[in-house]
Each structure stands twice: as C-alpha cells, then as structure tokens.
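Only one structure is covered here, and it is reproduced in the block below.
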Amino acid sequence: MILLQSPSRFLLQILNDRLLSQDKGVDIDCQTVEFDDVRYHIQVSMRNPKVLVLSVALPLPPQEAVSFDGLPFGAIEAIKAAYGPVVQILDPPKDGFDLTLKINLAKLPSEEEQKNAILVHIASIREVVLGAPLKVFLKNLSMKIVGPEAGQPVALVHRPNESFFVIPQADRVIVIYPMRFQDSIDIVLATSFLQEFVEARRTAALNNAPTCMWSQSPPPELKGAPGSALSANAGFVTFVVNPRHVEGKKLDRTVWNLLTFHAYVSYHVKCSEGFMHTRMRRRVDTLIQALDRAKSDAEKLQKLVTGPSFKKMSMKDERERR
C-alpha cells in the first residue's frame with residue numbers, strides 16, 4: 001500500500017530552488033492543484049528575491065463543517081506555532097484564495113538541517129491548515145483533556161462539499177468517514193476494498209493499529225448529524241483512536257493519515273481499476289492471437305482439401321487435344 005506524502009513536491013521544489021538561486025533567479029508566478037481540490041499560487045519577484053508569497057485555496061466546505069473566516073478552527077494558531085517569524089499571515093488573502101502567507105527566506109536558521117526541516121514543514125501547509133482541528137482533538141486526547149465537544153460529532157472538511165466526523169471522548173476519539181464515489185465501478189471496488197481493509201486490521205501484526213469498522217448504514221455515534229451529510233454510497237468507515245496512537249511523534253502521522261484517508265482509498269481504487277483494465281486488455285490480446293492462429297490453420301487445411309483437382313478426360317477429348 002502506498003501512503004500519500006505530506007509535503008507538496010511542487011512547493012518544496014520551488015523553495016529549494018529559491019535558496020540555491022536567489023541572486024540570479026527570475027520572477028515566479030505559477031499555480032498548481034493537488035488532490036481534493038487544494039490549490040496553490042506562489043509568487044516571487046526579483047525586486048525582493050528572498051520573499052515568497054504563497055496563497056492557498058482549500059476545498060469548498062459543506063454547510064455542516066465548522067470554520068472561521070473560511071479557515072478550519074485552530075488554523076491561525078497552528079500556522080503561528082509551526083513557522084514562527086519565517087511566515088507572516090496576510091489579511092485579507094488574495095482574491096480566490098482562503099489564505100495568503102508571506103515567507104521570508106532571510107529568517108531561516110543558518111543550520112542546514114533545521115533549514116531543510118522548516119522548508120519541508122512549509123511545503124506541508126495543507127496538513128498544518130486542514131489538520132489543525134483534528135490535531136486539537138488528538139492533543140486533548142493525549143493530555144486527557146475533555147473539551148466541551150465531548151460526545152458530539154464535529155464535522156471537518158476534507159473534500160469539496162464533503163466532511164468527515166470527529167467524536168471526541170475522554171479516553172478515545174472516534175473518526176467516521178461517509179465514503180462517496182461518483183463512478184459506479186468505483187463504488188463496487190471501494191466497498192470491496194474497505195471490507196478487506198477491515199478484515200486485514202484483525203490480523204495479529206496490526207493489533208496496535210486503531211480499531212477499524214465498516215457499515216452500510218450510519219453508525220449510532222452520528223445520531224443528530226444533518227441528513228445531507230450522511231449520504232454514502234460506499235458505506236461508513238469508523239476508526240477508534242486511543243492515546244497510544246498519538247504519543248510523541250505519532251501525532252503528526254496520525255493526523256495526516258486520518259486527514260487523507262478518503263484520498264488514500266480513492267488512489268488504490270483507481271490503481272485497482274487500472275490493473276484490471278490492463279489484465280483485461282492482455283487477455284483480449286491473447287484470445288485474438290489464438291483466434292488468428294486457429295484461422296490460419298483452418299485456411300491451410302482448406303487449401304489442402306480443395307487443392308489441385310484432376311479432370312477425367314474422354315476418348316473424344318483426347319483426340320481433339322491431339
């Protein structure tokens with residue numbers, strides 16, 4: 001199984017290039033789109049080559065998702081805590097974007113290892129912003145803090161007009177995903193994949209992983225959630241996160257894996273579909289070759305059967321031929 005990486009390769013490449021060519025670089029004004037409709041727009045002017053302006057557009061949130069000024073709650077605090085003086089939030093953001101950051105490369109630490117770590121962290125802005133609410137809940141779990149949302153489902157955006165639900169409790173955090181797919185083949189493949197995913201969790205090697213469940217209907221924990229948010233044509237996946245899953249460095253990895261779970265499933269569904277199509281094409285080619293060989297053999301046999309024939313000549317024909 002392939003896990004998606006948190007740093008954006010697009011952003012990381014540009015950041016590294018600017019550090020290597022600050023004096024002889026050129027103006028940059030480019031955009032890109034990542035999975036789940038996250039858009040980046042990065043600008044650099046040679047009038048101030050050590051300053052980059054990065055704008056981020058997040059997935060369009062559904063009505064039930066909790067946000068403040070277009071950003072997930074806790075996102076501003078998470079950005080300030082993650083980047084310190086290197087990154088400044090510009091208010092208001094550029095038109096068409098939810099967040100605009102001013103990155104000052106001159107304020108990066110001189111030590112190479114720390115500098116690279118901050119650049120990777122800046123390239124992971126998606127995780128910092130979209131994962132901020134989830135990180136708050138999981139931090140409270142590790143610190144055994146019971147917030148006012150305990151026992152209530154909180155909707156967090158992770159795809160355009162789609163949300164997943166977090167139910168914080170005193171000793172665990174329950175995360176539930178309504179799994180939706182557009183293509184009918186994807187629905188069938190995803191349902192089969194998720195059922196096998198749950199079965200694989202029961203193996204002895206994965207005893208320490210979060211408990212995983214799949215159901216066709218909404219779990220009872222989502223009682224009271226809006227009906228429009230509970231439509232799922234591939235069922236519901238539930239993870240139960242315990243304090244041991246968010247200890248120390250496990251926290252960031254858990255946040256990212258939960259945040260991109262739907263994209264992870266979608267990726268493997270498309271890979272499975274592509275693999276099956278490849279196998280089908282190969283099988284068709286093999287059958288066509290077998291038919292061509294059979295046709296060739298039949299033609300050879302026909303030629304042998306209907307080969308040169310001999311006509312019986314009469315005495316009169318023989319005299320005329322002479």
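These numbers were taken from a predicted model, which means no experiment stands behind them. The basis for the numbers below is simple: all heavy atoms, side chains too, and nothing from hydrogens, waters or symmetry mates.
Criterion: ILVMFWY side-chain heavy atoms under 4.5 Å apart, direct or through other members. Under it, F164 and V136 are not part of a common hydrophobic cluster. By the criterion of side-chain heavy atoms lying less than 4.5 angstrom apart, applied directly or through intervening Ile, Leu, Val, Met, Phe, Trp or Tyr residues, L141 is not grouped with I145; the two fall into different hydrophobic clusters. A continuous path of ILVMFWY side-chain contacts below 4.5 Å connects I125 to V38, so both sit in one hydrophobic cluster. If you chain together hydrophobic residues whose side chains sit under 4.5 Å apart, W214 and F165 never meet in one group. One hydrophobic cluster, built from ILVMFWY side chains closer than 4.5 Å, cannot hold both V53 and I28; they sit in different ones.
Of the inter-residue distances, the one linking D36 atom CG with T260 atom OG1 reads 8.5 Å to the nearest 0.5 angstrom. We find the CG-CG distance between L105 and L15 to be 7.0 Å, quoted to the nearest 0.5 Å. Rounding to the nearest 0.5 Å gives a distance of 13.5 Å between NZ of K102 and CD1 of I89. S6 contributes atom OG, which lies 10.0 Å from atom CG of N257 (distance to the nearest 0.5 angstrom). Atom CD1 of I122 and atom CG of L52 lie 8.5 Å apart (nearest 0.5 Å). One distance of note links OG of S55 with CG of L90; it measures 8.0 Å at 0.5 Å rounding.
With F35 as the aromatic partner, R126 meets the cation-pi criteria of under 6.0 angstrom to the ring centre and within 45 degrees of the ring axis.
Sorted by first and then second residue, the pairs that involve residues 120-156 and meet ring pair (Phe, Tyr, Trp, His ring centres under 6.0 Å), not counting sequence neighbours, are F73-F137, Y83-H121. A side chain to side chain donor-acceptor pair (under 3.5 Å) check over residues 182-195, counting only residues at least two apart or in different chains, returns the pairs D186-K270.
Classification of the Y177-F239 ring pair by plane angle, with boundaries at 30° and 60°, yields perpendicular.
Across F97 and H41, no two heavy atoms sit closer than the pair CZ-CB, 3.4 Å. Here the shortest heavy-atom pairing between V173 and V166 reads CG1-CG1, 3.5 Å. Residues V44 and P49 share a closest heavy-atom pair of CG1-O, 4.0 Å. The minimum heavy-atom distance between I79 and L99, with the atom names listed, is CD1-CD2, 3.6 Å. L258 and L138 make their closest contact through CD1-CD1, 4.3 Å (heavy atoms, listed as atom of the first residue, atom of the second, distance). The shortest non-hydrogen separation linking L222 to P153 is CD2-CB, 4.2 Å.
Within the 4.5 Å cutoff, side-chain heavy atoms of F10 are placed close to those of C30. Using a 4.5 Å heavy-atom cutoff, the side chains of T238 and S215 are not in contact. Residues L54 and I103 have side chains in contact (heavy-atom distance under 4.5 Å, counting atoms from C-beta outward). Counting only heavy atoms from C-beta outward, the side chains of P109 and I118 approach each other to under 4.5 Å. At least one side-chain heavy atom of I174 sits less than 4.5 Å from a side-chain heavy atom of I176. Looking at L130 and P59, their side chains come closer than 4.5 Å, going by heavy atoms from C-beta outward. Residues L251 and K135 form a side-chain contact, since some pair of their non-hydrogen atoms from C-beta on lies under 4.5 Å apart. Residues V86 and L108 meet the side-chain proximity criterion, which asks for heavy atoms closer than 4.5 Å.
Side-chain contact annotation: E34 with Y40, donor-acceptor N/O pair under 3.5 Å present. If you check the side chains of D17 and Q13, you find a donor sitting under 3.5 Å from an acceptor.
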Could you go through the side-chain contact (heavy atoms from CB on, under 4.5 Å) check for D27 and S45 one step at a time?
CA-CA 5 Å; D27 290 351; S45 172; 4.2 Å; yes
Carefully, step by step, assess H268 and F193 under the rule side-chain contact (heavy atoms from CB on, under 4.5 Å).
CA-CA 9 Å; H268 287 285; F193 178 88; 3.9 Å; yes
The test is side-chain contact (heavy atoms from CB on, under 4.5 Å); show your working for L287 and D285 and say whether it passes.
CA-CA 5 Å; L287 293 175; D285 290 340; over 6 Å; no
Quick one: do S142 and E247 satisfy side-chain hydrogen bond (donor to acceptor under 3.5 Å, both in side chains)? Show the steps, please.
CA-CA 7 Å; S142 64; E247 296 173 346; over 6 Å; no
Stepwise, does the side-chain contact (heavy atoms from CB on, under 4.5 Å) test hold for L60 with D37?
CA-CA 8 Å; L60 188 65; D37 198 29; over 6 Å; no
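More than 12 heavy atoms of other residues, nucleotides or ligands shown are found within 6.0 angstrom of NZ on K115. Remark: Q5 CD is loosely packed, at most 12 non-hydrogen atoms of other residues, nucleotides or ligands lying under 6.0 Å away. Around CZ of R244, the count of heavy atoms belonging to other residues, nucleotides or ligands within 6.0 Å exceeds 12. Within a 6.0 Å sphere centred on CG of D95, other residues, nucleotides and ligands contribute 12 heavy atoms or fewer.
In terms of modelled atom types and a separation under 3.5 Å, the side chain of R281 and the main chain of M276 share no donor-acceptor contact.
Ring centroids of F181 and H262 are separated by less than 6.0 Å, placing the two rings close together. The six-membered or imidazole ring of F261 lies near that of F197, with a centre-to-centre distance under 6.0 Å.
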